[in-house]
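Report on the structure given below.
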Amino acid sequence: MQGDDDAKLKPVLEPAASGRAKCRGCARAITRGELRFGERLPNPFAEGETTVWFHPLCAAYKRPEALLQALRETSETVPERENLERAAGFSAEQRRRPRIDGAERAPSGQAKCRHCHEPIARGTWRIRLVYFQDGRFAPGGFIHLGCRGAHFETDEVLEQVLRFSPDLSDSDRQELKQAAGS
Ligand SMILES: [Zn+2]
Ligand SMILES: [Zn+2]
């Protein structure tokens with residue numbers, strides 16, 4: 001139906017022309033001159049298209065197929081290309097992995113785990129899930145840290161989780177790793 005549109009909505013890798021854009025994946029700034037990943041999408045609020053920007057590694061985790069396409073097509077020299085391909089390949093391998101956001105301690109015992117449907121106890125670690133929709137990531141609930149293996153078909157998601165947990169202190173990170181048994 002949208003074949004013509006798809007052709008022009010190609011993902012790109014290019015040096016950031018300014019330091020004003022924020023990464024859609026982690027919400028932090030993208031430094032001027034740094035390589036950035038852009039996805040052109042139909043503008044949900046108006047005619048035409050809008051471009052959403054990401055750090056390449058954030059895109060590797062959260063938009064793996066699009067990032068892999070951009071890597072195949074780019075003429076730019078991409079720093080850490082192998083690392084990006086590895087991260088994107090890992091995330092693309094299982095349909096739920098791109099939904100991984102950061103981790104946090106549950107501020108209350110209200111939320112239920114999206115995997116096992118049991119409550120997540122207050123103060124225990126949970127992983128946030130997000131869904132990409134209209135160029136944005138919408139909150140998609142939480143899972144127990146301990147349900148990650150069953151949910152994502154691997155226990156090895158901490159690198160990805162920590163990438164999207166910029167607000168955690170160093171001691172929080174250590175505690176999270178301990179709670180995850182690594
Ligand atoms: Zn980012
Ligand atoms: Zn659970």
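Sequence positions, counted from 1, serve as the residue numbers for this chain. Remember, it's a predicted structure, so these values are computed and weren't measured experimentally. Both counts, for ligands and for their atoms, begin at 1 and track the order of listing.
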Distance-minimising heavy-atom pair for Ala111 and Arg126:
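So the minimum-distance heavy-atom pair works out to CB-NH1, 3.6 Å.
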Using a 4.5 Å cut-off on heavy atoms from C-beta on, say whether the side chain of Gln94 contacts that of Thr154.
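When only atoms from C-beta onward are counted, Gln94 and Thr154 do not touch, as no gap falls below 4.5 Å.
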Would you say that Trp125 contacts Asp172 through its side chain, given a criterion of any heavy-atom pair below 4.5 Å between the two side chains?
yes
So, of the N/O/S atoms that His55 has, which is the nearest one to the Zn ion (ligand 1)?
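Output for this pair reads ND1.
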Are Leu57 and Val52 linked, directly or through intermediate hydrophobic residues, by side-chain heavy-atom contacts shorter than 4.5 Å (ILVMFWY only)?
yes
Run the numbers on Leu176 and Val161 for side chain to side chain contact (heavy atoms under 4.5 Å, CB included), then give the verdict.
CA-CA 10 Å; Leu176 174 61; Val161 165; 4.1 Å; yes
Students often mix this up, so state it plainly: with edges at 30° and 60°, are the rings of Phe132 and Phe54 parallel, tilted or perpendicular?
tilted
What angle sits at the Zn ion (ligand 1) between SG of Cys23 and SG of Cys58, to 10°?
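Taking the Zn ion (ligand 1) as the apex, the two atoms subtend 110°.
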Please test Glu14 against Arg36 for salt bridge (charged side-chain N to carboxylate O under 4.0 Å, His left out), starting from the C-alpha separation and ending with a verdict.
CA-CA 6 Å; Glu14 61 171 47; Arg36 64 184 180 179; 3.1 Å; yes
Residue-atom pairs from the protein, N, O or S only, that lie under 2.8 Å from the Zn ion (ligand 2)
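Listed by chain and number: Cys113 SG, Cys116 SG, His144 ND1, Cys147 SG.
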